[in-house]
Amino acid sequence: MLELKQIRESPELVQTRLQRRSAEYDLKPILELNRQQQELESARTRLQARSNEIGKLIGQKMQAGSDPKSPEIQSLKEEGNQIKTQLSELEPQEKEVKNKQLSFLLSFPNLPSESTPIGKSEQENVEIRRWGDEYLPKISNLLPHWEMGEKLGILQFNRAVKVAQSRFVNLVGAGAALERALISFMLDQQTAAGYLEVMPPALVNSQSLTGTSQLPKFAEESFKCEGDDLWLSPTAEVPVTNLYREEILDAASLPIHHCAYTPCFRREAGSYGKDTRGLIRLHQFNKVELVKIVHPETSQQEHESLVRDAEAILQALKLPYRVVELCTGDLGFGAAKCYDLEVWLPSSNTYREISSCSNFTDFQARRAGIRFREPGKKGTRLAHTLNGSGLAIGRTMAAILENYQQSDGTVKIPEALQPYLRREVL
RNA sequence: GGAGAGGUGGCUGAGUGGUCGAAAGCGGCAGAUUGCUAAUCUGUUGUACGGUUUACACCGUACCGAGGGUUCGAAUCCCUCCCUCUCCGCCA
């Protein structure tokens with residue numbers, strides 16, 4: 001959520017920076033609503049002040065022993081009733097204007113950072129660096145990972161479809177063990193890098209989804225539980241960031257670094273026909289997520305180090321990848337700046353996103369009320385929130401199943417993973 | 001799921017219609033003091049929005065789980081919901 005005060009005081013600046021994302025954002029309606037809201041609010045406040053005054057006066061007189069039926073008290077009561085009538089007209093108006101204002105406010109994305117490259121779409125994302133060319137697979141006739149997985153008997157798609165739907169998978173034997181090994185390996189590495197592991201609820205309420213800005217705009221992207229205000233979490237970003245919702249933290253407790261393994265659930269609405277095979281786009285997948293809550297002055301460095309921590313997993317697994325900075329047109333809704341890590345996927349001859357590392361600045365913190373207090377200073381400040389995958393497990397498995405294929409038709413297990421899986425080939 | 005109890009400031013905990021943003025204690029902060037490593041004393045102590053001010057600051061409004069209602073006036077009374085605890089049942 002953007003700051004209303006900033007929109008009001010420097011609308012041109014906000015407008016210009018929103019326009020870098022796309023032309024669809026118009027601040028005029030919200031400025032007008034805000035003007036109305038302030039007018040209604042000050043009228044209401046004046047009435048309420050007088051009403052409080054009347055209440056106090058009557059209280060004083062009654063305690064001094066006045067007759068409740070005395071003309072003096074009766075006329076005060078009468079004035080109180082008039083105010084109540086006036087308020088009952090003003091209040092619904094103000095509430096309506098406020099609600100409209102809030103829904104506008106919630107519909108605006110974060111302002112891109114000054115350093116974010118300007119562009120319209122994915123095409124204009126900027127490659128920052130590339131790593132691991134020497135590990136690109138050298139054999140030809142590679143199988144796509146889903147074929148390799150079925151050949152090895154470790155991935156079952158048809159049976160998962162029977163149990164649930166398309167876009168689900170059942171992992172078998174070494175496949176399930178590999179998934180588990182990847183989770184443990186990533187958590188161990190991120191914990192060693194200083195992230196405190198948490199295991200949050202997999203179901204989250206609407207307030208949490210609003211806090212991290214999946215709601216209200218992306219409701220159709222998540223699975224909703226009928227009969228409860230609960231959704232299947234689409235990413236650990238939601239439960240982990242919201243652990244601190246509506247809290248005022250001590251500055252000394254920052255930065256907070258968490259890692260979390262969670263299952264993630266996404267409806268993938270509108271992606272029909274895309275990535276229909278394999279592990280790339282499933283309704284349910286596992287992920288190890290990194291979440292940071294930090295002092296605003298440090299969020300840039302924290303962002304860079306977050307990316308390095310995610311990259312470290314790919315490097316440890318010796319998987320070729322590149323780092324791409326998203327341009328303003330491709331930037332996620334809440335992000336001010338975002339780097340994607342893309343792993344090499346030989347079957348489709350491209351780099352595919354395996355981690356997305358975003359700095360949300362104060363955007364989520366304002367929605368979720370995550371603040372901190374500095375000793376000796378008055379008031380509170382909004383923290384900055386960041387997160388990134390470290391990494392998506394299924395896509396990592398896909399990358400291994402493809403990049404580690406050997407000419408004899410087996411798949412080698414990355415050395416870093418061998419202690420976890422206790423085997424060297426599949 | 002059934003029966004009961006309860007949700008008050010950073011914490012403990014008073015407050016059942018009137019000057020209550022809320023007693024008291026603890027903690028925190030500031031000051032004073034004492035040679036004994038901490039104690040004592042004094043003062044202070046939330047958040048948000050809006051307004052006035054160069055500023056220190058001041059003023060108004062809201063906030064006692066959430067949302068409605070009654071009333072001139074609600075932490076206090078009524079309704080709905082959420083959550084917590086205890087006992088029983090069920091369950092990994």
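Keep in mind that the numbers below use all heavy atoms, side chains included, and drop hydrogens, waters and symmetry copies. So that the names make sense, note that chain A is the first sequence line, chain B the second, and so on, each numbered from 1.
- Counting only residues at least two apart or on different chains, the ring-ring contact (aromatic ring centres under 6.0 Å, His included) pairs with a member in residues 154-180 of chain A are A:F168-A:H283.
- A salt bridge links A:E94 with A:K98: the closest approach of a Lys/Arg side-chain nitrogen to an acidic carboxylate oxygen falls below 4.0 angstrom.
- Side-chain atoms of A:N242 and A:V204, non-hydrogen and from C-beta on, never get closer than 4.5 Å to each other.
- The existence of a salt bridge linking A:E41 and A:R44 is excluded, since no basic side-chain nitrogen approaches an acidic carboxylate oxygen closer than 4.0 Å.
- Rounded to an integer number of Å, the gap from A:E247 CD to B:U47 P is 16 Å.
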Per-nucleotide protein contact string for nucleotides 72-81 of chain B, where B marks a base within reach and S marks sugar-phosphate only (heavy atoms under 4.0 Å, - for neither):
BS--------
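- Only the P atoms considered, B:A23 is 11 Å distant from B:U45, to the nearest whole Å.
- B:U33 and B:U40 have their C1' atoms separated by 8 Å, with the value rounded to a whole Å.
- Side-chain contact annotation: A:Q315 with A:Y321, donor-acceptor N/O pair under 3.5 Å present.
- Straight-line distance between the P atoms of B:C64 and B:G25: roughly 24 Å, to the nearest whole Å.
- Comparing the P positions of B:A62 and B:G67 gives an interatomic distance of 14 Å, to the nearest angstrom.
- Within residues 203-217 of chain A, no residue has any heavy atom closer than 4.0 Å to RNA chain B.
- Rounded to whole Å, atom P of B:C11 lies 11 Å from atom CD1 of A:I248.
- Residues forming a salt bridge (Lys or Arg N to Asp or Glu O under 4.0 Å) with A:E302 (at least two apart in sequence, or on another chain): A:K292.
- Between A:R308 and A:E304 no salt bridge is recorded (no basic side-chain N to carboxylate O distance below 4.0 Å).
- In this structure, B:U84 forms a base pair with B:A5, meeting either the Watson-Crick or the G-U wobble geometry with both donor-acceptor distances under 3.5 Å.
- In summary, A:K287 and A:E237 do not engage in a salt bridge, as defined by a charged side-chain N under 4.0 Å from a carboxylate O.
- Put simply, CD on A:E374 is 17 Å from C1' on B:G28, counting in whole angstrom units.
- Comparing B:C36 with B:C20, their P atoms sit 43 Å apart, to the nearest whole Å.
- Atom-to-atom, CD1 of A:I73 to C1' of B:G18 comes out at 11 Å; the value is rounded to the nearest Å.
- Paired with A:R395 under the rule side-chain contact (heavy atoms from CB on, under 4.5 Å), one option of A:L282, A:L279, A:I280 passes, and it is A:I280.
- Comparing the C1' positions of B:G17 and B:C82 gives an interatomic distance of 26 Å, to the nearest angstrom.
- One finds a salt bridge joining A:E114 and A:R20 here, because a Lys/Arg side-chain nitrogen approaches an Asp/Glu carboxylate oxygen to under 4.0 Å.
- Searching all strands for a Watson-Crick or G-U wobble partner of B:A23 with both distances below 3.5 Å returns nothing.
- Under the Watson-Crick or G-U wobble criterion, with both distances below 3.5 Å, B:U70 is left unpaired in every strand shown.
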In B/S/- notation (B base, S sugar-phosphate only, - none; protein heavy atoms under 4.0 Å), nucleotides 49-67 of chain B written 5' to 3' is SS---------SSS-----
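- Side-chain N/O atoms of A:N170 and A:R159 include no donor and acceptor closer than 3.5 Å.
- One can place CG of A:L249 at 13 Å from P of B:G10, the figure rounded to the nearest angstrom.
- Nucleotide B:G89 is matched to nothing when pairs are restricted to Watson-Crick or G-U wobble geometry with both distances under 3.5 angstrom.
- Taking the P atoms as reference points, B:G28 lies 46 Å from B:U70, given to the whole Å.
- Across the strands present, B:G43 finds its partner in B:C29; the criterion is a Watson-Crick or G-U wobble pair with both atom distances under 3.5 angstrom.
- The distance from atom CG of A:D250 to atom P of B:G28 is 12 Å, rounded to the nearest whole Å.
- Across all strands shown, B:G51 is found opposite B:C58 as a Watson-Crick or G-U wobble partner, with both distances under 3.5 Å.
- Going from the C1' atom of B:G18 to that of B:U80 covers 28 Å, rounded to whole Å.
- Base pairing of B:U76 is not made with any nucleotide, judged by Watson-Crick or G-U wobble geometry with both donor-acceptor distances under 3.5 Å.
- A:I256 is listed as a side-chain neighbour of A:L249, based on a closest heavy-atom distance under 4.5 Å.
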Which pairs would a plain distance check flag for residues 181-194 of chain A, meaning a side-chain donor or acceptor within less than 3.5 Å of a matching protein atom at least two apart in sequence or in another chain?
| residue | atom | partner | partner atom | Å |
| --- | --- | --- | --- | --- |
| A:S184 | OG | A:R180 | O | 3.3 |
| A:D188 | OD2 | A:Y420 | OH | 2.6 |
| A:Q189 | NE2 | A:A312 | O | 3.3 |
| A:Q190 | NE2 | A:D309 | O | 3.1 |
| A:T191 | OG1 | A:L187 | O | 2.1 |

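- Using N1 to N3 plus N6-O4 or O6-N4 for Watson-Crick, or N1-O2 and O6-N3 for G-U wobble, each under 3.5 Å, B:U37 pairs with nothing.
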